[in-house]
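Remarks on the structure that follows.
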Amino acid sequence: MRNAAIFKQLNPQQAAAVRATEGPMLIIAGAGSGKTRVLTCRVAYLLNQGVEPWRILAITFTNKAAREMRERVDSMSGINAEEVELRTFHSFCAQLLHKEAEYLRDYNKNFAIYETADQRNLIKHIVKDLGLDEKKYPPNAVLTMIDYAKNAMLSPEEFASLAQDDNNYYQFEITEIYAEYQKRLKKNNAMDFDDLLLVTVNLLTENEEVRRKYQERFRYILIDEYQDTNRVQYLLAKLMVGEDQNICVVGDADQSIYGWRGADIRNILDFEKDYPNAQIVKLEQNYRSTQNILDAANAVIVNNVERKPKNLWTNNEKGSLIYHYEADNALDEAYFVTEQIRLLSEKGYNPGDMAILYRANAQSRVLEEMLIKRGMPYVIVGGTQFYERKEIKDVLAYLKVLANPYDSLNLLRIINVPKRGIGETTLNKLDAYARKNDMHLFDVLTNPSAIPDISPGTVKKLDEFAELLFELIGDIGNLTIRALTDKILEKTGMLEELENSMDFQDMSRADNLKEFLSVAEDFAKSGEENTLSNFLEHIALVSDIDEAVINEDAVTLMTLHSAKSLEFKVVFMVGMEEGTFPVGSTVHNAAELEEERRLCYVGMTRAQELLYLCNARERLLYGRTQNYLPSKFLGEVPPKLIQELRKSTKVRTEVPDREVPKTDGYHRGRRKNEVITHVEPATPKIENVPDWARKVMTGFTPADGNATKDTFSVGDKVSHVKFGNGVVTNVNEQADCQELTIDFSGTEKVLLTKYAKVTKV
């Protein structure tokens with residue numbers, strides 16, 4: 001009976017994917033085709049068929065997805081799914097390594113997991129200690145290259161050999177940092193995210209006993225988002241598959257968007273080569289979007305070569321055309337988007353139904369400013385997250401040191417938090433003494449009097465700090481995580497110091513620490529074993545999207561990468577220009593351009609009902625103002641699917657309002673170069689706004705006295721009040737003015753003489 005309920009909710013292709021449980025299977029799941037439903041039903045079906053829960057391993061790419069799947073499996077199967085292993089790759093590897101720690105050469109079971117901020121701090125220390133130029137070797141750039149090396153499974157020695165072969169001095173210097181980075185990680189009994197995967201793969205490769213143990217335990221393996229696996233994850237999956245080859249992977253080559261961090265699209269494209277007897281099921285029916293949105297997305301992605309053919313379709317209505325707006329600049333684009341949000345809100349859409357997607361975080365600034373000025377609530381995904389705040393990182397550093405006293409990086413962080421009168425000079429002496437004598441910093445701290453040139457007063461402070469740590473370490477087995485955290489805050493005085501401060505920011509920080517106590521309480525209810533190591537592992541592996549809160553009362557702003565797996569009734573994709581999206585570096589690289597196109601496809605298929613595509617002719621980004629051509633992706637959408645939105649060109653107040661498609665300054669046109677007339681709606685209120693905002697809100701009506709009355713020709717030398725002297729390189733005659741293209745010392749601007757104050761010189 002339970003199986004009948006499962007299959008009742010599936011279409012024929014989905015049902016086929018659920019029923020075929022034996023042997024390898026590739027499920028090609030298009031965007032919005034119900035792949036999560038299929039995965040969940042497959043797990044529930046296995047349980048209903050009598051498979052023990054602990055025999056099933058399901059790998060997802062976010063903790064959030066794993067939680068949601070577990071809840072749905074519980075409700076569908078009627079069987080407790082707690083023993084089903086539903087985890088991310090990193091979470092699964094961390095758990096396996098904790099359990100099999102006796103087989104690890106360089107780590108003990110209390111190893112720490114260094115997340116990105118820890119990694120950056122460690123790189124900073126290493127660059128400084130090696131006497132390298134910190135500006136030449138910024139942490140993010142160094143970590144990117146180390147991450148590349150680890151994804152390619154290259155040791156520091158192998159990476160150095162490649163650098164020598166290529167005669168790449170910069171890469172060779174990175175190799176020195178990489179080698180020291182790995183040395184210090186091991187010294188600190190710490191792994192980064194890449195190490196969690198690499199150490200697991202090495203363990204399973206080298207230790208047949210451990211490998212067979214897990215192959216025999218997990219008889220059914222399911223992997224979601226297989227198109228985004230890297231080489232290490234691919235090898236891990238192969239090592240976990242037993243003789244019966246019951247591996248089911250779900251993915252879509254058209255949504256492979258993480259090549260920049262090592263994902264290999266060949267993993268999914270070559271699945272049949274790895275498993276020649278694999279069954280293949282395509283899920284092409286989309287349950288999310290209108291047919292017009294799907295037709296537009298299909299038309300874009302079909303231009304890629306590296307893909308498996310498929311065509312999304314839906315039983316949903318055809319829906320509205322795809323709206324396109326070409327803005328003058330980023331401010332115009334931001335005003336247009338926020339105005340559409342206002343109009344859609346009036347039509348019954350909640351702010352939370354709408355998302356603004358962009359290629360890079362830097363593009364959010366102008367949008368945020370406009371939303372703030374117009375009083376529109378929003379949330380931004382990928383900004384400063386809860387666990388990145390200083391006070392939260394401080395209390396976490398205490399917990400990390402208690403769990404792993406060899407974690408020198410976090411020990412250095414907390415020695416003087418809150419302030420104990422232990423200065424930077426003392427910290428440097430402690431660190432230098434530890435490295436010179438090949439000691440752990442914690443061991444040095446337990447006998448500070450042995451360090452030369454440290455005053456008796458400082459020795460006393462260090463002794464008191466060490467006593468506090470020993471006391472807290474002794475409490476680990478006796479206190480819950482919440483109680484242990486309470487004691488840290490009480491004994492150190494961290495919370496009291498903030499609560500007694502009159503600084504508003506300190507009050508907010510105190511609230512954050514109290515919220516962290518709620519995090520500890522929530523973890524105790526999560527079903528995971530409530531140990532300190534498990535809690536810290538959980539925190540370390542939380543991703544941006546796990547933290548993201550999609551609020552029904554606020555518009556969501558996020559990068560296109562962050563939007564993966566989400567959906568919204570209305571999506572605005574902004575910044576669709578050559579050089580912005582696709583990014584300029586992809587122009588001469590076919591593989592990178594195809595990934596950019598897949599990212600465009602992902603963004604378009606997030607939309608359920610309305611999709612807006614926006615570009616600007618001019619954009620200030622990263623401190624430079626440039627002119628841009630529309631993105632090639634815009635040109636790949638069939639014209640019949642696009643409805644242009646443009647500023648009005650004429651006003652006819654005699655036409656009744658009911659005949660006018662009101663859009664407060666923007667209207668629906670047919671195609672470019674057509675003159676459309678309509679009633680101009682009432683001008684929005686513009687009191688108390690800056691001049692640039694007033695120009696946007698009034699359709700760039702020129703300020704009094706600024707219009708240019710001269711007539712210009714190509715070659716004329718001109719002057720502009722803002723841009724200085726320039727030369728006219730092109731003239732387009734308009735009905736009531738001239739459109740001038742002017743070269744201002746290498747920077748081209750397109751200006752209308754009825755707006756811009758340009759004079760001949």
Side-chain angles (χ1 to χ4, degrees), residues 2-49 51 53 55-62 64-79 81 84-88 218-229 237 241 245-256 267-268 271-272 275 278-289 294 308 310-316 564-567 602 605-606 608:
R2 287 198 300 264
N3 283 343
I6 288 175
F7 289 110
K8 186 177 181 180
Q9 60 183 298
L10 303 175
N11 66 38
Q13 289 72 33
Q14 292 173 331
V18 169
R19 280 198 179 93
T21 59
E22 306 306 306
M25 169 170 278
L26 168 62
I27 302 175
I28 300 173
S33 63
K35 71 178 177 63
T36 303
R37 181 191 307 164
V38 169
L39 275 173
T40 306
C41 288
R42 191 175 170 96
V43 173
Y45 181 66
L46 285 168
L47 293 174
N48 291 345
Q49 294 300 101
V51 176
R55 297 286 192 190
I56 303 171
L57 170 64
I59 299 291
T60 67
F61 262 72
T62 67
K64 180 181 178 182
R67 286 194 303 270
E68 290 174 354
M69 275 187 64
R70 190 182 302 283
E71 291 169 2
R72 289 167 69 172
V73 169
D74 279 345
S75 62
M76 289 172 60
S77 67
I79 299 171
V84 175
E85 286 292 338
L86 273 163
R87 293 184 176 275
T88 64
F218 296 117
R219 305 301 298 274
Y220 295 91
I221 297 175
L222 298 86
I223 302 177
D224 193 12
E225 305 286 8
Y226 193 67
Q227 77 280 349
D228 289 326
T229 53
V241 175
Q245 293 195 326
N246 289 336
I247 178 172
C248 172
V249 302
V250 184
D252 178 10
D254 290 340
Q255 297 185 74
S256 179
N267 292 348
I268 190 166
F271 185 80
E272 301 102 300
Y275 304 95
Q279 300 180 66
I280 301 175
V281 175
K282 288 185 181 181
L283 305 181
E284 296 175 293
Q285 182 177 357
N286 177 283
Y287 292 89
R288 174 187 300 155
S289 307
L294 297 182
K308 291 180 180 291
K310 71 173 189 309
N311 193 59
L312 291 182
W313 62 276
T314 184
N315 281 328
N316 296 339
K564 182 79 177 291
S565 82
L566 300 176
E567 59 185 39
V602 166
T605 54
R606 299 311 94 193
Q608 296 171 293

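V250 pairs with exactly one of L39, L283, I268 by the side chain to side chain contact (heavy atoms under 4.5 Å, CB included) rule, that one being L39.
Smallest separation of non-hydrogen atoms from L222 and I56: CD1-CG2, 3.9 Å. In terms of heavy-atom proximity, A31 sits nearest to D252 at N-OD2, 4.0 Å. Of all non-hydrogen atoms in V18 and Y45, the two that sit nearest each other are O-CD2, 3.6 Å. The minimum heavy-atom distance linking R72 with T40 is given by the pair CB-CG2, 3.5 Å. In terms of heavy-atom proximity, I6 sits nearest to A44 at CD1-CB, 3.8 Å. Closest approach of G30 and K310 over heavy atoms only: CA-CE, 3.6 Å.
For the pair L47 and P53, the minimum side-chain heavy-atom distance is below 4.5 Å. Looking only at side-chain heavy atoms (C-beta outward), N246 and I221 stay at 4.5 Å or farther from each other. Between I27 and V38, some side-chain heavy-atom pair lies under the 4.5 Å cut-off. In this structure, N3 and Q49 have side chains that are in contact, with non-hydrogen atoms separated by less than 4.5 Å. Contact annotation: the side chain of R19 approaches that of F7 to within less than 4.5 Å [non-hydrogen atoms, C-beta and beyond]. In this structure, the side chains of Q9 and C41 come closer than 4.5 Å at one or more pairs of heavy atoms. Looking at heavy atoms from C-beta onward, T60 lies out of side-chain contact with R87 at the 4.5 angstrom threshold.
Put simply, the side chain of R67 never gets that close to the backbone of T62: no donor and acceptor are under 3.5 Å apart. At least one donor-acceptor pair closer than 3.5 Å links the side chain of Q14 to the backbone N or O of N11. Side-chain atoms of E284 do not come within 3.5 Å of backbone N or O of L312 as any donor-acceptor pair. Without hydrogens or angle criteria, R288 side chain to T605 main chain gives a donor-acceptor distance under 3.5 Å. When atom types are taken as modelled, the side chain of R42 and the backbone of A17 share a donor-acceptor pair closer than 3.5 angstrom. At distances below 3.5 Å, at least one donor-acceptor pair connects side-chain atoms of K564 with backbone N or O atoms of Q255.
Note that CG of N286 and CG of L294 are 4.5 Å apart. Values are rounded to the nearest 0.5 Å. In this structure, the separation between CD1 on I59 and CD1 on I247 is 10.0 Å, given to the nearest 0.5 Å. For the atom pair CZ of F218 and CD of E85, the computed distance is 4.5 Å after rounding to the nearest 0.5 Å. To the nearest 0.5 Å, atoms CZ (F61) and CG (D228) are separated by 5.5 Å. To the nearest 0.5 Å, atom CD of residue E567 and atom OH of residue Y287 are 13.5 Å apart. K35 contributes atom NZ, which lies 14.0 Å from atom CD1 of I28 (distance to the nearest 0.5 angstrom).
Residues E22 and Y220 bring a donor and an acceptor atom of their side chains to less than 3.5 Å of each other. Inspection of the N267 and T229 side chains reveals an N or O donor paired with an N or O acceptor under 3.5 Å. Looking only at atom types and distance, the side chain of N316 has no donor-acceptor partner in the side chain of Q608 under 3.5 Å away.
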Query raised in the report: Can T36 and M69 be said to form a side chain to side chain contact (heavy atoms under 4.5 Å, CB included), step by step?
Result: CA-CA 8 Å; T36 303; M69 275 187 64; 4.2 Å; yes
Report task. Could you go through the side chain to side chain contact (heavy atoms under 4.5 Å, CB included) check for V241 and Y275 one step at a time? Result -> CA-CA 11 Å; V241 175; Y275 304 95; 3.9 Å; yes
